[in-house]
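What follows is one structure encoded as structure tokens, with my remarks underneath.
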Amino acid sequence: MSFFGFGQSADIDIQLDGAETRKMAEMKTEDGKKERYYLYYDGESVSGKVNISLKKSGSRLEHQGVKIEFVGQIELYYDRGNHHEFTSLVKELARPGELSHNASFEFEFNQVEKPYESYAGTNVRLRYFLRVTIVRRLSDITREMDLLVHTLSSYPEMNNSIKMEVGIEDCLHIEFEYNKSKYHLKDVIVGKIYFLLVRIKIKHMEIAIIKRETTGSGPNTFNENETIAKYEIMDGAPVRGESIPIRVFLAGYDLTPTMRDINKKFSVRYYLNLVLVDEEERRYFKQQEITLWRKGERLRRPLQQQLMAQQIQQVPASQSKFPQSHPQGQPPELVSEIEEQQHPIAPQIPPNATAAPEPPSPQQSQSPMHEEAPEPLPSATVTSNTTYHATATTTPQPPPQLEPPDEDIDTPKLPSPPTEPPNSIDSPEEEFLEAQAGSPSEEEEEEEEERESAVKTSTQEPVPVAQ
Amino acid sequence: MADNITNDSTRRLVSKKQTLDDAYAAPANFLEIDVVNPITHGVGNKRYTDYEVRMRTNLPVFKVKESSVRRRYSDFEWLRNELERDSKIVVPPLPGKALKRQLPFRGDDGIYEEEFIEDRRKGLEVFINKIAGHPLAQNEKCLHMFIQEPVIDKNYVPGKIRNT
């Protein structure tokens, strides 16, 4: 098959510059196997050599030209014929002619824009690859080499905690809090669940990380939910006033950054799903989106120097794509891992309850669950390392020392992970009520099938307190 | 490389300390419903069995904190039908209607067999417990009438206890 560069007459081999020092990363192939590929960042040049070797020495290979392309494309699995190329660069390696012996061609794609992260999902793939083509009259000989692209962000300036009071009228009121709304992939989710009213018999509580991949649009929207992690955080029946701590270490899970509307083709979003289960196996859940972002890692010297030698261009970050990074020669050298450890990522101090927007009281709310929007915290100018014993009205702590060295003019700041658009998450009906038997996020659980008391969520009515 | 996280970055969030009153108070979710004391009334063909449905609770949604009423199987069926029609819950199944046991020429006492009554009692207890603890079912007038009224008024006006 000539696709793999093994034509009857010639073999194509692609060698990348700096391959010995370049990082590699893993990604699943279509058959589900994990493979390693060379890792590139936005703005990096992609250069190397193409080696063409003739199978039969002494033979001649006539061709209509040899070219190399750098392609970035989105493949939707249900639309196989159509690949959506969002990036396509081509370089001519040889004009039409004849190869009489093995040949090598150097190529360089200078400071290539790689706006999106590589992604291998359930219904969609986004990949970057180099493709060498020896054009011939009857059949071309081609060779592809996949590259992996990671998009990096820096610490967000605003990273409010998520704090909400939700519940079911007169039956269950809880206040949940997660210390941030944006987490990097090796971060820790620190949170708590505070019970305000418990009139149901709770058996246990669990938390799960759900990944939702959305492809298509309008009536042809496909949502693929995958439970990345799930575990029990409480066993037994809580009473009013109890606080249950949550700690989830993200580094152990297979996560990608949040991707919103990539090239208008797909999204990958992550949710924390808090589920309470009562004695009759009824499930009460609250899903909350979190933004995941990829933090740059420490670079090894040689590559860093190579990248710093390249010109740096500035491109305005567009908020519509995530995460847009500047096409720069250098992925951010954020502070080394060792330094990071010394700077506590102070948990967000929750705003004083009275300062928060008036939590809608049960009688007044339109829906049985209230959703209190996380209060925008006052601008963060405090840089002291106050602990959480400070008063509740203290401004939140961005971890200042963890920012990429701003003083270094050669490392322009990366964009922050964007705030999610308001009201983009759950519709009111999905807020904190019993999961339906067929709830997509919990398909794999047998209890779901056996549960008899699923609620038809769309018509649940609010219930004011009887006076 | 190992990603070491400091104690501070994973430290618990501050929470309000629970008061001793809250910690040791009676739980706010107290609800006990038993189906007990089956009694078969009447003689011969005109018999029927009913059961005591006994409830103790401190849930504010129930007007009466303790109640005891007698209900027969058809009353449970009535409740199930009302809930299936009016509420949004998936109603749990009742124990069987045992029509075969009601046919003539049986060797045993049919539906008045002790063992059968005990099985049915258990099934009815499971049934009513599943429903009464359901936040949505607690809103239905039929449930309250079933549990707390001495006599079920089948001509009642269906509806909810609380409306917005």
Side-chain angles (χ1 to χ4, degrees), chain A residues 161 168-172 177 179 186 188 190-192 194 197-202 237 239-243 245 247 249 251 278-280 282 298 337 341-350 363 366 385 387-389 392 434 437 451-457 459-466, chain B residues 1-32 57-63 83 86-93 126-140 144 159-164:
Chain A
S161 64
I168 296 180
E169 202 71 40
D170 295 322
C171 294
L172 174 67
E177 181 177 351
N179 62 332
K186 308 271 181 269
V188 186
V190 177
K192 71 180 205 302
Y194 181 77
L197 177 71
V198 187
R199 295 211 180 111
I200 57 172
K201 296 181 190 172
I202 296 174
V239 293
R240 179 173 65 194
E242 288 200 57
S243 227
R247 206 175 278 140
F249 291 85
D278 73 10
E279 296 279 337
E280 302 289 350
R282 286 180 284 259
R298 189 179 186 195
E337 283 170 31
Q341 291 151 30
Q342 296 164 354
H343 305 298
I345 304 170
Q348 294 289 334
I349 297 170
Q363 294 89 326
Q366 286 301 313
N385 276 338
T387 67
Y388 50 82
H389 292 303
E434 299 186 47
R451 258 186 346 98
E452 298 154 333
S453 52
V455 174
K456 296 178 198 126
T457 61
T459 47
Q460 183 172 13
E461 292 187 9
V463 198
V465 174
Chain B
M1 292 186 233
D3 201 0
N4 289 333
I5 311 234
T6 64
N7 288 334
D8 279 346
S9 65
T10 57
R11 197 193 304 236
R12 291 186 184 182
L13 301 183
V14 194
S15 19
K16 293 175 259 221
K17 196 151 161 44
Q18 186 182 34
T19 65
L20 287 179
D21 282 345
D22 279 343
Y24 291 102
N29 58 4
F30 178 62
L31 172 66
E32 276 176 22
T57 185
N58 65 1
L59 299 183
V61 69
F62 290 104
K63 289 191 304 297
L83 289 174
D86 287 341
S87 84
K88 284 124 208 148
I89 74 174
V90 171
V91 184
V126 167
F127 172 84
I128 192 64
N129 269 290
K130 278 213 162 87
I131 291 176
H134 197 306
L136 290 184
Q138 281 169 3
N139 205 23
E140 297 289 331
H144 289 258
K160 311 275 184 266
I161 300 279
R162 300 165 290 204
N163 286 308
T164 39

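Proteins get letters first, then strands, A, B, ... in listed order; numbering begins at 1 in each. Hydrogens, waters and symmetry mates are skipped; everything else that's a heavy atom, side chains included, is used.
- Both the backbone and the side chain of A:R240 come within contact range of chain B, judged by heavy atoms closer than 4.5 Å.
- Here the side chains of B:Q138 and A:C171 are in contact, with some heavy-atom distance below 4.5 Å.
- Considering only heavy atoms from C-beta on, B:D22 stays 4.5 Å or farther from A:V239 through its side chain.
- The nearest pair of heavy atoms linking B:T10 to A:R247 is O-NE, 2.7 Å.
- Between A:R282 and B:H134, some side-chain heavy-atom pair lies under the 4.5 Å cut-off.
- Minimum interatomic distance between B:P135 and A:I200 (heavy atoms only, all atoms of both residues): CG-CG2, 4.2 Å.
- The parts of B:N129 that come within reach of chain A are both its backbone and its side chain, each placing non-hydrogen atoms under 4.5 angstrom from that chain.
- A distance of 7.0 Å separates CG of B:L59 from CZ of A:R199, quoted to the nearest 0.5 Å.
- For B:T19, no part sits under 4.5 Å from any heavy atom of chain A, backbone or side chain.
- Within the 4.5 Å cutoff, no side-chain heavy atoms of A:D170 are placed close to those of B:P60.
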